2 protein chains.
Amino acid sequence: MRATVKDVARRAGVSPKTVSNVMNGVVPVSGSTRLKVEQAILELDYVPNLSARGLRNGRSGVIALALPDLATPYSAEIAHNVVEVAHEQGWSVQIEETGSDPRREYELMSRARSNLIDGLILNPVVLDESAVKVGVSLPPVVLLGEVSQQLADRVWVDSVAAARDMTLALARTGRHRIAVLGTAEGRHSAAAVLRTRGYQAALEELGIDRDESLLIPCEKWTPQTAAGALASYLDAHPLPDALFCFTDSMAIGALSVLWKRGIKVPDDVAVAGFDDIADGQYAVPSLTTVSFDKRRVATEALRLLTERMTDRASGQRVVTVDYRIIERDSTRS
Amino acid sequence: MRATVKDVARRAGVSPKTVSNVMNGVVPVSGSTRLKVEQAILELDYVPNLSARGLRNGRSGVIALALPDLATPYSAEIAHNVVEVAHEQGWSVQIEETGSDPRREYELMSRARSNLIDGLILNPVVLDESAVKVGVSLPPVVLLGEVSQQLADRVWVDSVAAARDMTLALARTGRHRIAVLGTAEGRHSAAAVLRTRGYQAALEELGIDRDESLLIPCEKWTPQTAAGALASYLDAHPLPDALFCFTDSMAIGALSVLWKRGIKVPDDVAVAGFDDIADGQYAVPSLTTVSFDKRRVATEALRLLTERMTDRASGQRVVTVDYRIIERDSTRS
DNA sequence: TTGAAAGCGATACCAA
DNA sequence: TTGGTATCGCTTTCAA
């Protein structure tokens, strides 16, 4: 059998309460008792039972991180940073994948209510107000990304401004027929809508007429679907001057298609992405992108979450994380 | 306040035990009482407290997955599959990053002993027998990958055979000066040792003399370090006929360096990887690699883990997952 | 500063 | 089939 506080207390000749005091270190304990207790802990190889502690305290020390798909580099980098920052602050992280399925998001919320989780960082895909109902009975929730949600705290990058800046940057290299890859057709992802909006705002500023044929829809934001979407597009349309992909993953799929067709990047067409995933730097050619500090996203999300744990009542807080355009070989003029 | 079993029991006019029976569905319950209880659960919006359940049962329903670095595509794909399979079987997954630091592995084991985790799937990097001491007091552990460990259950791909086959495949395209990228210099990663061994076995079969100058060391297996290592190598050595990178991530870094130097792949040098990460298919050119079913790795790991939970005593079990060479553009002759 | 005892919520034993 | 009750391990009042 595993040792418990009682065993430690008996061995150290003190009460369970004293053992608890030594471990949690809030109530002062005399040096000699502390030593005896620590000795006993070592001898018995005592490890506290976190289920019991969680039951008693109402907190588990675990937060959940819900992402659409861990296998995508973007999600993976976010997860990496959240896990790292959380660990530094003494939290464990449970990973959940929503697969962009609102039902999974619901499921998650109910799981979160079952007290094994003290809070939830949720990166939703679909623009859906209803999926997250932040009620009093729910644990604290922080949303990641461009969700239009008025209730939960949120950390995001200003996608509209970033997409606008990227479009302007592409135009500055002398390219004016700028296509975008990743616009949403049916179900609207918030990011798709906002990035398209930023793109169109830039065109307007530049006095470039809108051309619907330069919007290339792409339902899933993976290299695979992007490659497929771009391939069919190129079969039916002339090559644009520049291609702004709404994620780096899509850009990588696009680069692959262009290369296979012998279309030179950036000579024949410039390509840009969004997210600054690690592999973008090693793409061929290296990928121009919208970069932001993912570590900062993690830090802020965790800060909002922990603050929300102690103050459930105050209003929604939104943290906007800075971005910058990184120009690499894929758009050199 | 949140509702508890007692509240539900009172409302349904039954005892707490009956509520528990309804929820767990092992002990038969009469139809009418079941209905009453289910009604009460809905009305009170009851969600069981998993900490309490965990305390009572000694099981939490959570497993931990420990990986060196979630941000690498390989780890991310493994994590994705484990989370998915685990979810299907009703498990939650806690993610831990070891950063290839043995201390983190220790820390993890002790955390695992604290009963918030029913089992651990560990993907270690460093060949270190001592890091995982599988004793009676520890939760079940399943190791992922090429670790030389005699105690814990393990799921792996036969790296020696795979590296041998890949080397032979490269040789079949008429390339005989085959370099490998990723050999370990100081601390030995098990995978590096085994893959080097397979490579050398193939050369021997082919009657090709060993050439130490074709072993390119690379401490960390990231695109960045691979790019750096290859760049310095090329500054001092002639170009080999083929470059076998021990991971796809390294291969992606290598492709980037080769492209920047105007070295054509596969015309001037063939490049191959290992792992078959999703982006390899969209690399420029698409990457020849050693592929294996990551979903299967996840399934087997979870199977071993759950079986081990009910049978702590039986001997070590090892599952070997099949691989196959996928030839893509990066090695076309 | 330390001890005794109650209780967090769910489950399982033993009766009925 | 169902009800009462002890129990899992820890923390925290309240007293000493």
Side-chain angles (χ1 to χ4, degrees), chain A residues 1-38 40-41 44-62 110-118 137 139, chain B residues 1-38 40-41 44-62 110-118 137 139:
Chain A
M1 276 309 288
R2 271 250 310 277
T4 72
V5 255
K6 277 188 178 169
D7 301 322
V8 175
R10 201 177 312 120
R11 180 156 198 129
V14 299
S15 83
K17 164 70 184 173
T18 307
V19 176
S20 171
N21 285 342
V22 170
M23 301 211 60
N24 300 312
V26 271
V27 181
V29 179
S30 76
S32 62
T33 3
R34 151 159 281 122
L35 270 176
K36 279 190 299 182
V37 171
E38 282 167 350
I41 287 176
L44 294 174
D45 193 22
Y46 167 74
V47 179
N49 180 322
L50 296 183
S51 288
R53 182 177 287 173
L55 173 58
R56 178 67 239 210
N57 290 341
R59 291 177 300 99
S60 62
V62 181
S110 116
R111 290 271 312 291
R113 294 180 46 214
S114 56
N115 268 34
L116 220 60
I117 281 171
D118 297 338
S137 65
Chain B
M1 275 308 287
R2 272 250 310 277
T4 73
V5 255
K6 276 188 178 171
D7 300 322
V8 175
R10 200 177 314 119
R11 179 152 198 133
V14 298
S15 82
K17 167 65 181 166
T18 306
V19 176
S20 170
N21 286 341
V22 169
M23 301 212 61
N24 299 313
V26 272
V27 182
V29 178
S30 78
S32 62
T33 19
R34 152 158 280 123
L35 271 175
K36 278 191 300 184
V37 171
E38 282 168 349
I41 287 176
L44 295 173
D45 194 23
Y46 167 73
V47 180
N49 181 322
L50 296 183
S51 289
R53 182 177 287 172
L55 172 58
R56 180 65 239 214
N57 291 340
R59 291 178 300 102
S60 63
V62 180
S110 119
R111 290 270 314 290
R113 292 180 48 214
S114 56
N115 270 35
L116 221 60
I117 279 170
D118 297 338
S137 67

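Computed from a predicted model, the values in this text were never measured in an experiment. Side-chain atoms are counted along with the backbone in the values below, which use heavy atoms only and exclude waters and symmetry mates.
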To the nearest Å, give me how far apart [atom1] ([X]) and [atom2] ([N]) are.
{"X": "D7(B)", "N": "dA10(C)", "atom1": "CG", "atom2": "C1'", "result": "13 Å"}
{"X": "L55(B)", "N": "dC8(D)", "atom1": "CG", "atom2": "C1'", "result": "4 Å"}
{"X": "M23(B)", "N": "dA12(C)", "atom1": "CE", "atom2": "C1'", "result": "16 Å"}
{"X": "L44(A)", "N": "dC10(D)", "atom1": "CG", "atom2": "C1'", "result": "16 Å"}
{"X": "L50(B)", "N": "dA10(C)", "atom1": "CG", "atom2": "P", "result": "9 Å"}
{"X": "L116(B)", "N": "dG9(D)", "atom1": "CG", "atom2": "C1'", "result": "13 Å"}
{"X": "K6(B)", "N": "dG4(D)", "atom1": "NZ", "atom2": "P", "result": "12 Å"}
{"X": "K36(B)", "N": "dG3(D)", "atom1": "NZ", "atom2": "C1'", "result": "13 Å"}

Please give me the minimum heavy-atom distance between [X] and [Y], naming the atom from each residue.
{"X": "V8(A)", "Y": "V37(A)", "result": "CG1-O, 4.2 Å"}
{"X": "D118(A)", "Y": "G58(A)", "result": "OD1-O, 4.3 Å"}
{"X": "A12(A)", "Y": "A40(A)", "result": "CB-CB, 3.9 Å"}
{"X": "Y46(B)", "Y": "T4(B)", "result": "CE1-C, 3.6 Å"}

task: State whether the number of non-hydrogen atoms from other residues, nucleotides or ligands found under 6.0 Å of R34(A) atom CZ is greater than 12.
output: yes
| request: Test T33(A) against K36(A) for side-chain contact (heavy atoms from CB on, under 4.5 Å), laying out the working first. | output: CA-CA 5 Å; T33(A) 3; K36(A) 279 190 299 182; 4.2 Å; yes
**Asked** How is T33(A) classified with respect to the nucleic acid when contacts are heavy atoms under 4.0 Å: base, sugar-phosphate, or nothing?
**Response** sugar-phosphate
Sequence neighbours excluded, the answer for salt bridge (Lys or Arg N to Asp or Glu O under 4.0 Å) partners of R56(B) is none
Notebook entry, point to check: Does R53(B) get its side chain close enough to the base of dT11(C), under 3.5 Å, for a donor-acceptor pair?
Noted result: no
Show each protein N/O and nucleotides 3-5 of chain C N/O combination with a separation under 3.5 Å, one pair to a line.
unit_1, atom_1, unit_2, atom_2, d
dG3(C), OP2, S15(A), N, 2.6
dG3(C), OP2, S15(A), OG, 3.2
dG3(C), OP2, T18(A), OG1, 2.9

Review point. So does T4(B) get a side-chain nitrogen or oxygen closer than 4.0 Å to the phosphate oxygens (OP1/OP2) of dG9(C)?
Key: no
In this structure, CG of L116(B) is separated from OG of S51(B) (nearest 0.5 Å) by 7.0 Å
| task | Would you mind reading off the bend of the helix from dT1(C)-dA16(D) to dA16(C)-dT1(D) from its two end axes, five pairs each, to 10 degrees? | result |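 So the angle between the two local helix axes works out to 30°.
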Exercise for review: Show your reasoning for whether side-chain contact (heavy atoms from CB on, under 4.5 Å) applies to M23(B) and I41(B).
Suggested key: CA-CA 10 Å; M23(B) 301 212 61; I41(B) 287 176; 4.3 Å; yes
Taking dT2(D), dG7(C), dT11(C) as options, the one with an atom nearest any side-chain atom of S20(B) is dT11(C)
